[in-house]
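Data first, discussion second: the structure below is written as structure tokens.
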Amino acid sequence: MSALRTAATALPRDVVAGLTTLLCDADGNLFPSEEPAFVASAEVTNRFLGELGDERRFTPEELRLATTGMNFRTTSRRLAAEAGRPEVDVEPWVAEERRAVTAYLGEHLRPHEPTTSALTALAAHLRLAAVSSSALGRLAACFTATGLDELIPPAARFSAEDSLPTPTSKPDPAVYLHACAQLGIAPAAGLAVEDSVPGALSAVRAGCPTVGNLLFVQPAERADREAALREAGVLVVVTSWQELADLLLPVLAGRDVTATPGGAP
């Protein structure tokens, strides 16, 4: 048995027994959208840098490594400040990056059957919701392309970009606090599942028990990502949604049977 799986089995039973909701980060977690997104985002980012008079340019991979877990608004503001142009209005560029990435993802993403199967099993016991830094339009394209619309419909999607009075990005906990409030749950009743460190920090700071998921993390980065996720405060780290389902379902099924009138004691 691997060290990862041994650690994963330590997910506290009392935490699982108190859950009502599964709060799923989207990009790089429910679907492998981060790498293709950065193909489109890098093209917009490099045009933005040219507009700033900044000679720097990013490949998609360089941009991914530099900004994973942040939305484009946060990235563009940071780049503008680094270029000595903090006064630049980034909103037109945010809109352009959103358009380009949404179109690209809608064309390139496909369903991932093992993830869909595990989520379907979990949905029998927990309400599913998405909690993301990405815009709702981008999420809509991704959920449709990956066949997840029925499992996590639009009303159960929360965006740090679009759902809050003031747009923000993870690791700010605001989007998780907002999602919990809208769902009518205490943060302790929502299990967050995150692939990135900023996402994990956002959920942990909001008071949600949190699991790290390495499913779509590139193999060469997994050891470092696992260590960083644990440092951020996740309870366990898994390598797939099925592994998470295997941890949760025995407790959830037993709990739900006991809670049903006439169920087994």
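Keep in mind that what you see is a predicted model, and the values were worked out from it rather than measured. Positions are given from 1, in the same order as the sequence printed here.
Across all non-hydrogen atoms, the minimal contact from Val251 to Leu247 is CG2-O, 4.4 Å. Ala80 and Leu52 make their closest contact through CA-CD1, 3.8 Å (heavy atoms, listed as atom of the first residue, atom of the second, distance). Across every non-hydrogen atom of Leu105 and Arg138, the tightest pair is CD1-NE, 3.6 Å. Here the shortest heavy-atom pairing between Pro209 and Leu19 reads CG-CD2, 4.2 Å. Among all heavy-atom pairs drawn from Val204 and Ala232, the shortest one is CG2-O, 3.7 Å. The shortest heavy-atom contact between Ala192 and Ala203 is CB-CB, 3.5 Å.
A salt bridge is defined here as a Lys NZ or Arg NE, NH1 or NH2 lying under 4.0 Å from an Asp or Glu carboxylate O, and Glu161 with Arg73 meets this definition. Classification of Glu226 and Arg222 as a salt-bridged pair fails, no side-chain N sitting under 4.0 Å from a carboxylate O. Salt-bridge formation is detected for the pair Glu82/Arg78: a Lys NZ or Arg NE/NH1/NH2 atom is positioned less than 4.0 Å from an Asp or Glu carboxylate oxygen. With respect to Arg64 and Glu62, no salt bridge is recorded, no charged nitrogen being found less than 4.0 Å from a carboxylate O.
Checked against a 6.0 Å centroid threshold, the rings of Phe31 and Phe216 do not count as neighbours.
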Trace of the side-chain hydrogen bond (donor to acceptor under 3.5 Å, both in side chains) decision for Tyr104 with Glu43: CA-CA 12 Å; Tyr104 195 87; Glu43 190 275 330; over 6 Å; no
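Side-chain contact check for Thr45 versus Phe72: some heavy-atom pair is nearer than 4.5 Å. A 4.5 Å side-chain heavy-atom check between Leu79 and Trp93 finds every atom pair outside the cut-off. Between Val175 and Thr168 there is no side-chain heavy-atom pair separated by less than 4.5 Å. Contact of the Cys208 side chain with the Cys180 side chain is registered, since non-hydrogen atoms from C-beta on lie closer than 4.5 Å. Inter-residue side-chain proximity for Arg205 and Pro171 is flagged as met; some heavy-atom pair is nearer than 4.5 Å. No side-chain heavy atom of Thr67 sits under 4.5 Å from any side-chain heavy atom of Phe58. You'll find the side chain of Asp27 reaches within 4.5 Å of the side chain of Ser132, heavy atoms only. In this structure the side chain of Leu215 never reaches within 4.5 angstrom of the side chain of Asn29, judged on heavy atoms.
The only member of Glu97, Arg99, Arg98 that meets side-chain contact (heavy atoms from CB on, under 4.5 Å) when paired with Val44 is Glu97.
Residues Val238 and Val193 fall within the same hydrophobic cluster, defined by Ile, Leu, Val, Met, Phe, Trp and Tyr side chains chained together at heavy-atom separations under 4.5 Å. The hydrophobic clustering, which links ILVMFWY residues whose side-chain heavy atoms are closer than 4.5 Å, places Leu30 and Leu183 apart.
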